[in-house]
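A short write-up of the structure that comes next.
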Amino acid sequence: MTEKVEGVFWERSDQLLENGFHIKFITMSSNSPLHWHKSMEVLFILNGRATVNLDGVKHKLNPLDMIVVDSAQVHDGIFALPQTMGVCIHISKNFMRKYLADIELLKFQCNPQKLLPGQKDVYNQICTYIKELTILYFHQSQSYQLKSSALVLEILADLVEHFSSPVSESLSVSAYNKLAQMEQICQFVEERHQDKITLQEGADELSLNKDYFCRFFKENMGVSFIQYVNQVRINHIYQDLIYTEDGIQEIMERHGFVNQKLFYRMFKETYDCTPAKLRQIARDNPYL
């Protein structure tokens with residue numbers, strides 16, 4: 001099997017944006033539980049299909065579909081088996097702030113299911129820019145950085161002009177204050193997911209009353225705290241099924257899942273296959 005890349009379950013892309021943006025290819029191994037980042041994400045499906053859960057709404061993406069995930073917007077991504085490939089572009093707020101000082105006061109929304117009259121042509125143009133970026137990324141010529149930066153700016157300009165709306169400064173500040181707390185609790189779950197984690201422990205991590213923490217977490221993540229903990233465990237198990245030869249029961253227990261019936265039900269609901277079937281697909285997948 002392909003060597004597993006170690007790291008946290010969501011990519012800290014803000015640390016990788018040396019040039020203001022970061023481009024990577026995503027495949028079936030790129031699935032992630034609910035998360036967010038400070039950068040804007042533009043996801044384009046080259047082939048296969050994906051489902052992106054954005055603020056509690058599931059968006060089905062087909063080949064050549066594109067969706068924008070705004071900064072600090074909670075989302076996940078499930079990439080259909082066996083062979084989905086896409087391009088993911090993260091654009092940092094610092095990069096955008098060079099050209100738009102008040103970028104935090106704009107909210108971005110762009111997905112193929114909710115295009116307004118007059119947006120379709122611009123949407124298609126953005127998709128064309130992403131295809132050009134993909135070709136540039138493959139070839140990495142001497143002028144790659146210049147040309148790719150120009151295309152990212154074209155994408156950003158179209159998004160600002162046609163797919164943004166204003167928000168108040170107070171709402172923007174409130175969102176980032178909540179983000180800091182959610183980042184703390186999600187990092188706590190990532191580090192402790194192999195152990196038994198209770199709702200009370202989650203509340204104690206943020207020094208909150210248990211009942212308030214329960215409402216606070218559900219309001220900001222769209223799922224209960226315990227559901228989220230199990231999603232993180234499921235994602236780790238998914239990765240180990242692809243990248244190790246360890247037994248399914250051993251992997252399940254390693255990542256804190258003790259209820260076998262619940263595990264198999266959640267796994268099938270999330271990935272539409274059994275753990276054994278996933279492992280078989282992974283062995284035959286040329287994209288890994």
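Put simply, the side chain of Asp158 does not reach to within 4.5 Å of the side chain of Phe163, judged on heavy atoms. Counting heavy atoms from C-beta on, the side chains of Gln119 and Val122 never come closer than 4.5 Å. Taking 4.5 Å as the limit, some side-chain heavy atom of Val232 sits within range of a side-chain heavy atom of Glu190. Using a 4.5 Å heavy-atom cutoff, the side chains of Phe263 and Ile248 are in contact. Side-chain atoms of Tyr228 and Val189, non-hydrogen and from C-beta on, do get closer than 4.5 Å to each other. Considering only heavy atoms from C-beta on, Cys273 comes within 4.5 Å of Phe267 through its side chain. The shortest distance between side-chain heavy atoms of Leu278 and Met28 falls below 4.5 Å. At least one side-chain heavy atom of Ile130 sits under 4.5 Å from a side-chain heavy atom of Ile155.
For Ile91 against Met96, the heavy-atom pair with the smallest separation is O-CE, 3.7 Å. Annotation for Val74 and Asn220: closest pair CG2-O, 3.3 Å, computed over non-hydrogen atoms. A pairwise comparison of heavy atoms in Lys268 and Thr274 identifies CD-N, 4.2 Å as the closest pair. For Val42 against Leu159, the heavy-atom pair with the smallest separation is CG2-CD1, 4.4 Å.
At distances below 3.5 Å, at least one donor-acceptor pair connects side-chain atoms of Asn259 with backbone N or O atoms of Lys261. A distance-only check finds a donor-acceptor pair linking the side chain of Arg279 to the backbone of Thr244 [under 3.5 Å]. Remark: the backbone N or O of Phe79 is paired with a side-chain donor or acceptor of Asn31 at under 3.5 angstrom. Put simply, the side chain of Gln184 gets close to the backbone of Glu205: a donor and an acceptor are under 3.5 Å apart. In this structure, Ser30 contributes its side chain and Thr27 its backbone to a donor-acceptor pair below 3.5 Å. Between the side chain of His35 and the backbone N or O of His75 there is at least one donor-acceptor pair closer than 3.5 Å. Between the side chain of Ser143 and the backbone N or O of Leu146, no donor-acceptor pair lies under 3.5 Å. Side chain of Asn53 to backbone of Asp76: no donor-acceptor contact under 3.5 angstrom is found. A donor-acceptor contact shorter than 3.5 Å is absent between the side chain of His139 and the backbone of Ser141.
Residue pairs satisfying the ring-ring contact (aromatic ring centres under 6.0 Å, His included) criterion with at least one member in residues 178-208, sequence neighbours excluded, are listed as follows: His193-His236, His193-His255.
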**Report entry** salt bridge (charged side-chain N to carboxylate O under 4.0 Å, His left out) evaluation trace for Glu104 with Lys38
**Finding:** CA-CA 11 Å; Glu104 277 82 10; Lys38 295 176 183 177; over 6 Å; no
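With 3.5 Å as the limit, one finds a donor-acceptor pair spanning the side chains of Asp204 and Gln200. In the model, Gln73 has a side-chain atom that pairs as donor or acceptor with a side-chain atom of Asp55 under 3.5 Å. Side-chain contact check for Gln249 and Glu253: at least one donor-acceptor pair (N or O, by modelled atom type) lies under 3.5 Å. Under 3.5 Å, the side chains of Glu132 and Thr128 contain no donor-acceptor pair of N or O atoms.
A perpendicular orientation is assigned to the rings of Tyr99 and Phe95, their planes being inclined by more than 60° (bins at 30° and 60°).
Tyr137 is linked by a ring-ring contact (aromatic ring centres under 6.0 Å, His included) to Phe25, counting only residues two or more places apart in sequence or in another chain.
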